[in-house]
2 protein chains.
Amino acid sequence: MPQTSKIIKAPPAAVEESLRKLGANIRTARLRRKLRLEDLAKKVGVSRYVLSDIEKGKPSTAIASYMGALWALGLLEDMKDVASPDNDSEGKILEKARAPKTAGKRKKDLDNDF
Amino acid sequence: MPQTSKIIKAPPAAVEESLRKLGANIRTARLRRKLRLEDLAKKVGVSRYVLSDIEKGKPSTAIASYMGALWALGLLEDMKDVASPDNDSEGKILEKARAPKTAGKRKKDLDNDF
DNA sequence: CTTATATGTTGGTTAAAGCCAACATATTAG
DNA sequence: CTAATATGTTGGCTTTAACCAACATATAAG
């Protein structure tokens, strides 16, 4: 993704770690199934180089390639509850009742925090 | 990602569905927090266009951008168990005992199945 | 140990992801 | 209803992701 964004060039440590772990997990799953990079790559529909990148947790790789790997390994359902509104306790608290379709007008600047 | 791969051009229905859902969840979480696309995009470190793509579940968008959105929303930990070897019952069964570093030599062709 | 094969690495090519500006439309809040 | 603002859409530009070939290295299995 050209004109590379900050998040890709220098991801927060937590994101980097999360990707590294995801990649490692995919690799473990592949080896357990005795599949070569090339085998799984073919199932996924990418080159073996891309799959290798995934197993390293490369940030700039398309999410579909990652999801495709999970899918080909039969692990896609693990994504089911990610960011699920039902489990978003923080969000549930903040929610006002009605579900707005936009974030509404700005009052001042809300928070420049982090 | 240039020379676009099959998985990105035409993802399996399950992958497409998974991405759509993830994007929708991210959008819900953003709105609950009363953040504009621009607000969250800034925190993530991408343009508002990319964040918009994410909320639509665009397959070709970099995984770091998706993970960055989860991170900025405080939802990154939801990724923790994805493809975790501990939960990979299929893999556990297949595993022989030792953890090989490669998939080993090919015997014949294993399985061209799906 | 040897051999077959899996994986890593490099360099070059090409097509598209992410950026932005400008404008259109939708939605909110008064 | 109206004004303010959030989000959608378009087209053009730049950078680089994914591809491949060729070779190097690591690992597995006899």
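Order of the sequence lines fixes the chain letters, A, B, ..., with proteins taken first and strands second; residue numbering starts at 1 for each chain. The figures here come from the full heavy-atom set of this structure, side chains too, leaving out hydrogens, waters and symmetry mates. It should be emphasised that the depicted structure is a prediction, and the values quoted were computed from it without experimental measurement.
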Closest non-hydrogen atom pair, A:Ser60 against A:Ile8: CB-CG2, 3.5 Å
Proximal nucleotide (of C:dG18, D:dC19, C:dA15) relative to the B:Thr4 side chain: C:dA15
Expected output: side-chain A:Arg30 to main-chain A:Glu55 donor-acceptor under 3.5 Å: no
Residue closer to the 5' end of DNA chain D, A:Leu51 versus A:Thr102 (nearest nucleotide): A:Thr102
Closest-nucleotide 5' rank along DNA chain C - winner of A:Leu31 and A:Gly104: A:Leu31
Contact check, side chains of A:Val82 and B:Asn25, non-hydrogen atoms, under 4.5 Å: no
From C:dA6, C:dA17, C:dT13, nucleotide with atom closest to B:Gln3 side chain: C:dT13
Side chain of A:Arg30 (C-beta onward), nearest among C:dT28, C:dG18, C:dT7: C:dT7
Under 4.0 angstrom between B:Ser52 side-chain N/O and D:dT7 OP1 or OP2: no
Below 4.0 Å: OP1/OP2 of C:dG18 and any side-chain N or O of B:Thr61: yes
Euclidean distance, atom CD1 of residue B:Ile63 to atom C1' of D:dA18 [Å, nearest integer]: 16 Å
B:Val15 vs A:Leu76, side-chain contact (heavy atoms from CB on, under 4.5 Å): CA-CA, chis, key distance, verdict: CA-CA 8 Å; B:Val15 168; A:Leu76 187 59; 4.1 Å; yes
Atom-to-atom span, CG of A:Leu37 to P of D:dT27 - whole angstrom: 14 Å
Base C:dA17 to side chain B:Tyr49, donor-acceptor N/O within 3.5 Å cut-off: no
Phosphate-side-chain proximity, A:Arg48 and C:dT9, N/O vs OP1/OP2 below 4.0 Å: no
Given D:dT27, D:dT7, D:dT16, the nucleotide with the shortest approach to the side chain of B:Lys101: D:dT27
Atom pair distance, as rounded to whole Å: CD in B:Glu38 and P in C:dC19: 13 Å
Main-chain N/O of B:Ala14 paired to B:Ser18 side chain as donor or acceptor, under 3.5 Å: no
Rounded distance (Å) that lies between atom P of C:dA17 and atom NZ of B:Lys9: 10 Å
Sugar-phosphate, base or nothing in reach of A:Lys6, heavy atoms under 4.0 Å: nothing
Side chain of B:Lys105 (C-beta onward), nearest among D:dA17, D:dA28, C:dA6: D:dA28
D:dG8 phosphate, OP1 or OP2, under 4.0 Å from B:Arg27 side-chain N/O: yes
Length of the CG-P vector between A:Asp53 and C:dT9, whole Å: 11 Å
Most 5' of A:Lys56 and A:Ala103 on DNA chain C, judged by nearest nucleotide: A:Lys56
Given C:dA17, C:dT28, C:dC20, the nucleotide with the shortest approach to the side chain of B:Lys58: C:dA17
